[in-house]
> 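Handing you this structure, nothing more for now.
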Amino acid sequence: MAILTGSCRFGLWHVHVAWQGDLVYQVRFAREGLDGPVPEEILRYCAGRPADLSTLESVATAGESTFARIYRAVRAVPCGETVTYGEVARLIGTAPRAVGSAMAKNPTPIVVPCHRVVAKTDLGGFSPDLAIKEALLAMERRRRVCMPGDGRS
DNA sequence: CAGGACTCTCGCT
DNA sequence: AGCGAGAGTCCTG
């Protein structure tokens with residue numbers, strides 16, 4: 001079974017996903033769409049419908065590297081809530097800056113909800129566009145996209 | 001060795 | 001209080 005690629009819509013953006021079964025290899029935001037399938041839970045999430053992202057796995061969380069531990073910690077953040085870079089850092093015994101680096105290089109946003117990690121005094125960053133982070137957080141706060149499994153890993 | 005999606009502490013308004 | 005500068009910090013390419 002080969003790796004599948006496809007995209008779905010989130011607001012003005014298209015969410016490109018490379019995946020296979022429950023395992024997600026890459027997620028990224030782009031201006032243009034991409035023909036092909038997307039995991040059901042991501043489809044539901046982007047549509048603002050109840051979704052349980054914990055049923056998916058990300059390649060980013062595998063292993064014992066610092067980044068992998070950071071990604072696992074971030075996956076444990078409940079839907080609709082946020083933590084700071086510093087809190088994540090203290091949780092796994094590293095520096096805030098390292099958490100920032102990990103988020104910036106996160107290969108699978110949404111599956112690893114890096115948008116729930118904010119700076120202590122402001123929203124922090126998000127690429128390719130901070131507006132996406134705001135939109136994701138706003139959606140999680142007002143809609144009922146959260147499911148039991150989300151936040152536990 | 002350089003450079004981040006940070007945070008703290010200080011010193012000034 | 002609120003804001004800006006500087007140093008500390010840790011990981012990756």
Side-chain angles (χ1 to χ4, degrees), chain A residues 3 5-20 23-34 38-39 41-48 51-143 145-147 149-153:
Chain A
I3 294 178
T5 59
S7 76
C8 64
R9 204 67 180 290
F10 179 74
L12 304 169
W13 295 83
H14 294 269
V15 183
H16 291 209
V17 186
W19 59 293
Q20 181 179 181
L23 184 59
V24 178
Y25 292 84
Q26 185 181 96
V27 175
R28 52 170 207 177
F29 295 89
R31 306 300 175 84
E32 299 108 34
L34 174 68
V38 164
E41 294 306 316
I42 291 184
L43 208 52
R44 299 169 61 85
Y45 179 83
C46 289
D52 184 1
L53 295 173
S54 70
T55 62
L56 295 172
E57 277 304 315
S58 164
V59 292
T61 58
E64 285 308 312
S65 68
T66 298
F67 271 29
R69 289 204 301 271
I70 291 174
Y71 293 137
R72 284 197 290 269
V74 171
R75 282 208 70 179
V77 178
C79 179
E81 294 181 24
T82 59
V83 288
T84 66
Y85 296 98
E87 286 169 354
V88 175
R90 277 198 302 279
L91 202 57
I92 69 172
T94 185
R97 202 115 205 193
V99 177
S101 293
M103 295 306 98
K105 292 170 190 155
N106 177 14
T108 60
I110 296 182
V111 178
V112 175
C114 55
H115 58 280
R116 295 178 195 152
V117 186
V118 301
K120 191 176 189 183
T121 57
D122 58 53
L123 251 197
F126 196 90
S127 54
D129 190 339
L130 186 57
I132 297 173
K133 188 174 189 172
E134 295 173 345
L136 289 171
L137 290 174
M139 178 186 79
E140 291 186 356
R141 279 194 304 261
R142 61 184 171 69
R143 304 240 190 176
V145 290
C146 316
M147 293 272 285
D150 198 351
R152 207 45 278 149
S153 129

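Here the structure is a predicted model, which means the values were calculated and not measured.
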> Does Y45(A) reach the side chain of L53(A), with side-chain heavy atoms less than 4.5 Å apart?
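Yes; the side chains approach each other to less than 4.5 Å.
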> Tell me, please, which residues at least two apart from S65(A) pass side chain to side chain contact (heavy atoms under 4.5 Å, CB included).
F67(A), A68(A)
> Quick test of your reading: applying salt bridge (Lys or Arg N to Asp or Glu O under 4.0 Å), list the pairs with at least one residue in residues 98-123 of chain A, sequence neighbours left out, ordered by first then second residue.
R116(A)-E140(A), R116(A)-D150(A)
> Show me the donor-acceptor pairs within less than 3.5 Å that the side chains of residues 83-92 of chain A make with the rest of the protein, sequence neighbours left out.
{"from": "T84(A)", "atom 1": "OG1", "to": "E87(A)", "atom 2": "N", "distance (Å)": "3.1"}
{"from": "Y85(A)", "atom 1": "OH", "to": "G125(A)", "atom 2": "N", "distance (Å)": "3.4"}
{"from": "E87(A)", "atom 1": "OE1", "to": "T84(A)", "atom 2": "N", "distance (Å)": "3.1"}

> Could you tell me which residues satisfy side chain to side chain contact (heavy atoms under 4.5 Å, CB included) with P78(A), sequence neighbours excluded, listed by chain and number?
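For P78(A) the side chain to side chain contact (heavy atoms under 4.5 Å, CB included) partners, ignoring immediate neighbours, are E81(A).
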> S7(A): which residues meet the side chain to side chain donor-acceptor pair (under 3.5 Å) condition with it, sequence neighbours left out?
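Testing S7(A) for side chain to side chain donor-acceptor pair (under 3.5 Å), a comparison that skips the adjacent residues, returns none.
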> Please give, in whole Å, the distance from dA5(B) P to Y71(A) OH?
12 Å
> Pair up each side-chain donor or acceptor in residues 12-20 of chain A with any protein partner under 3.5 Å, not counting sequence neighbours, and list the distances.
{"from": "H14(A)", "atom 1": "NE2", "to": "R31(A)", "atom 2": "O", "distance (Å)": "3.4"}
{"from": "H16(A)", "atom 1": "NE2", "to": "E32(A)", "atom 2": "O", "distance (Å)": "2.7"}
{"from": "W19(A)", "atom 1": "NE1", "to": "P37(A)", "atom 2": "O", "distance (Å)": "3.1"}
{"from": "Q20(A)", "atom 1": "NE2", "to": "Y25(A)", "atom 2": "OH", "distance (Å)": "3.3"}

> To the nearest Å, give me how far apart CG (D122(A)) and C1' (dG2(C)) are.
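Rounding to the nearest Å, CG of D122(A) and C1' of dG2(C) are 15 Å apart.
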> Looking at residues at least two apart in the chain, or sitting in another chain, which of them share a side chain to side chain donor-acceptor pair (under 3.5 Å) with E57(A)?
none
> What residues form a salt bridge (charged side-chain N to carboxylate O under 4.0 Å, His left out) with R69(A), not counting sequence neighbours?
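Result, salt bridge (charged side-chain N to carboxylate O under 4.0 Å, His left out) vs R69(A): none returned.
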> In the 5'-to-3' direction, what one-character label does each nucleotide of nucleotides 8-13 of chain B receive under the scheme B = base within less than 4.0 Å of a protein heavy atom, S = sugar-phosphate only, - = no such atom?
S-----
> Report the distance from atom OH of Y85(A) to atom C1' of dG4(B), rounded to the nearest whole Å.
11 Å
> For a quick check of understanding: with a heavy-atom distance under 4.0 Å over all strands, which category does G124(A) fall into, base, sugar-phosphate or nothing?
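If one applies the 4.0 Å heavy-atom cut-off, G124(A) turns out to touch nothing in the nucleic acid.
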> Look at all strands and tell whether T84(A) reaches a base, only sugar-phosphate, or nothing, counting heavy atoms closer than 4.0 Å.
sugar-phosphate
> What string of B, S and - do you get for nucleotides 6-13 of chain C, 5' to 3', when a contact is any protein heavy atom under 4.0 Å?
--B-SSS-
> Under the rule for side chain to side chain contact (heavy atoms under 4.5 Å, CB included), what residues qualify as partners of P107(A), not counting sequence neighbours?
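In terms of side chain to side chain contact (heavy atoms under 4.5 Å, CB included), with neighbours along the sequence ignored, P107(A) is linked to A60(A), Y71(A).
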> Look only at the side chain of E41(A) and the backbone of D52(A), and say whether a donor-acceptor pair between them is shorter than 3.5 Å.
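Such a contact is found between E41(A) side chain and D52(A) backbone.
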> Toss me the dot-bracket line for DNA chain B: Watson-Crick and G-U wobble, both under 3.5 Å, 5' to 3', using | for pairs to another strand and [ ] for crossers.
||||.||||||||
> Name the nucleic acid region contacted by A119(A), choosing base, sugar-phosphate or nothing; use a 4.0 angstrom heavy-atom cut-off, strictly under.
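Touches sugar-phosphate only.
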